[in-house]
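For reference, the structure is listed below as structure tokens.
Computed from a predicted structure; not experimentally measured. Naming: A, B, ... by sequence-line order, numbering from 1 per chain.
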There are 2 protein chains.
Amino acid sequence: MSTDLPAVSDSTIRRLSLYLRALEGLDDQAEPTVSSRRLAELAGTSAAQVRKDLSRFGSFGKRGLGYSVAPLQNHLRDILGLQRRWPVVLVGAGRIGSALFEYPYFRERGFEIVAVVDRDPAKVGRRWNGVKIQSVEALPTLVRECRAELGILAIPATDAQAAAEALVDAGVRGILNFAPVQLHLGSHVVVNDVNLTLEMEALSFALRTASELGSGEGG
Amino acid sequence: MSTDLPAVSDSTIRRLSLYLRALEGLDDQAEPTVSSRRLAELAGTSAAQVRKDLSRFGSFGKRGLGYSVAPLQNHLRDILGLQRRWPVVLVGAGRIGSALFEYPYFRERGFEIVAVVDRDPAKVGRRWNGVKIQSVEALPTLVRECRAELGILAIPATDAQAAAEALVDAGVRGILNFAPVQLHLGSHVVVNDVNLTLEMEALSFALRTASELGSGEGG
DNA sequence: GCCGTCTTGTGAAAATCTTCACAAATCAGG
DNA sequence: CCTGATTTGTGAAGATTTTCACAAGACGGC
């Protein structure tokens, strides 16, 4: 079934992912249906928000009853594009790259890291669970051979822009970027940044704010 | 309620972190001042947004000239709470925990992982660069001894809620959570989730959307 | 000093996102 | 069938965030 796709905000999509995760945590034998209120609790939002989010894509619930767990899971997978396998090319075989390669939840959702490249000649040639680490020069060929449309950048900031461009030139349209740098790519390419330092700084700000009761900066 | 710090949105704070990163990438010998337009380019937002964000905390710029790079860096560090050291307790010594422990940018910003715990007895006792991995039972003591207010959860979803509660009971007020589960904690605790699957799914959705719009190319 | 060119800081307007509130639909029980 | 207890889907209202637009300030050249 093809889903009609209106303009949907990024925050809605991110919540859909949380709904899916929450639904997968339910025992659909014991709990075959779920209300927007319950789903909201599980996902950390409000019932109205859940209904609004879902209603953008269709009427999946039944009044008086709620949403059937298994069908809703399928709808969400369909909306998010998870009803297929996504081959992924990983750039960078350092600590972060290694952790991502082993990350079990990617494969579970259809994201399969099918190729790994690294700049370091000492790493090239090693095998990770059957996948041979290759040289960055092989990147364009690899992307094309694997028909990868998704790439992950887990390399230093200095190399990220060039690597991103290489990925895009070879056909990648979506990038998960762990490098602490703003990538400048064509507007048809989607980039999601994972900025670990930023996350810690947001915590730091929140804690500082909380403890500064009664004293602040001069205005 | 804090007297001087206004209510500031999370998105503003996140952008401040990006501004700081962008400023650190500038050579302040060659470029002693920066305009809101330039900073916006570097951080991937608009000039008006930059000015609005900064103006919530003070008047840091000079009309006709822009912002002085070094002083603005200091203002941002001050706002974000980076003018101090933040001891951090890491829960989970698996792949992700290991990558985070080695992550160089944390220490650079004052976030120092001073203790590591793991549930696995086989890992307890090992040393990571001078830090001994300890049992989860030691967690409360460790948090208190280190005076850690920040914790990182890099453990399976099943263990995350209990570990989070242990952290909070021992005095932690901010948590960076890599476990794919919604934590339920007191409202005085700040939790930032890093949801890698969600990030990939957002890419998947975007790509699926783009291809389903037919042959038209994005501008 | 005066002029022209920049650039900030900021109210107001526009856009976006979230919550509210309620009609319509569903079910269980008698 | 009818009643009462639920719960969805959704316009409207409310809240928040972003963009606009411009007065006021700053600097260099002369």
Between [N] atom [atom2] and [X] atom [atom1], what is the distance in whole Å?
X: Asp10(B); N: dC17(C); atom1: CG; atom2: C1'; answer: 15 Å
X: Arg56(A); N: dG11(D); atom1: CZ; atom2: P; answer: 12 Å
X: Glu41(B); N: dT7(C); atom1: CD; atom2: P; answer: 12 Å
X: Asp53(A); N: dT19(C); atom1: CG; atom2: P; answer: 10 Å
X: His75(B); N: dT8(C); atom1: NE2; atom2: P; answer: 15 Å

With sequence neighbours excluded, tell me which residues meet salt bridge (Lys or Arg N to Asp or Glu O under 4.0 Å) with Arg173(B). Glu149(B)
With sequence neighbours left out, write down each residue that passes salt bridge (Lys or Arg N to Asp or Glu O under 4.0 Å) with Asp169(B), or none if nothing qualifies. none
Which part of the nucleic acid, if any, lies within contact of [X], taking any heavy atom under 4.0 Å across all strands shown: a base, the sugar-phosphate backbone alone, or nothing?
X: Thr12(A); value: nothing
X: Ser36(B); value: sugar-phosphate
X: Arg15(A); value: sugar-phosphate

Measure all distances between protein nitrogen or oxygen atoms and nitrogen or oxygen atoms of nucleotides 9-13 of chain C, and list the pairs falling under 3.5 Å.
unit_1: dG9(C); atom_1: OP1; unit_2: Phe60(B); atom_2: N; d: 3.2
unit_1: dG9(C); atom_1: OP1; unit_2: Gly61(B); atom_2: N; d: 3.0
unit_1: dG9(C); atom_1: OP1; unit_2: Gly61(B); atom_2: O; d: 3.4
unit_1: dG9(C); atom_1: OP2; unit_2: Tyr67(B); atom_2: OH; d: 2.7
unit_1: dG9(C); atom_1: O4'; unit_2: Arg63(B); atom_2: NH2; d: 3.1
unit_1: dG9(C); atom_1: N7; unit_2: Arg51(B); atom_2: NE; d: 2.8
unit_1: dG9(C); atom_1: O6; unit_2: Arg51(B); atom_2: NH2; d: 3.0
unit_1: dG11(C); atom_1: N7; unit_2: Lys52(B); atom_2: NZ; d: 3.3
unit_1: dG11(C); atom_1: O6; unit_2: Lys52(B); atom_2: NZ; d: 3.1

Tyr19(A): partners by side-chain hydrogen bond (donor to acceptor under 3.5 Å, both in side chains), with sequence neighbours left out: Asp53(A)
Partners passing side-chain hydrogen bond (donor to acceptor under 3.5 Å, both in side chains) against Ser11(A) (at least two apart in sequence or in another chain): Ser9(A)
Using a cut-off of strictly less than 4.0 Å, decide whether Gln49(B) has a side-chain nitrogen or oxygen near OP1 or OP2 of dT19(D). yes
Taking for Gly64(A) and for Ser9(A) the nucleotide of DNA chain C with the nearest heavy atom, the one nearer the 5' end belongs to Ser9(A)
Qualifying side chain to side chain donor-acceptor pair (under 3.5 Å) pairs, either residue in residues 98-113 of chain B, two or more places apart: Arg95(A)-Ser98(B), Glu201(A)-Arg109(B), Glu24(B)-Arg109(B), Arg85(B)-Glu112(B)
Run the side-chain hydrogen bond (donor to acceptor under 3.5 Å, both in side chains) check on Asp78(B) and Gln83(B) step by step: do they pass? CA-CA 6 Å; Asp78(B) 192 38; Gln83(B) 307 283 31; 4.7 Å; no
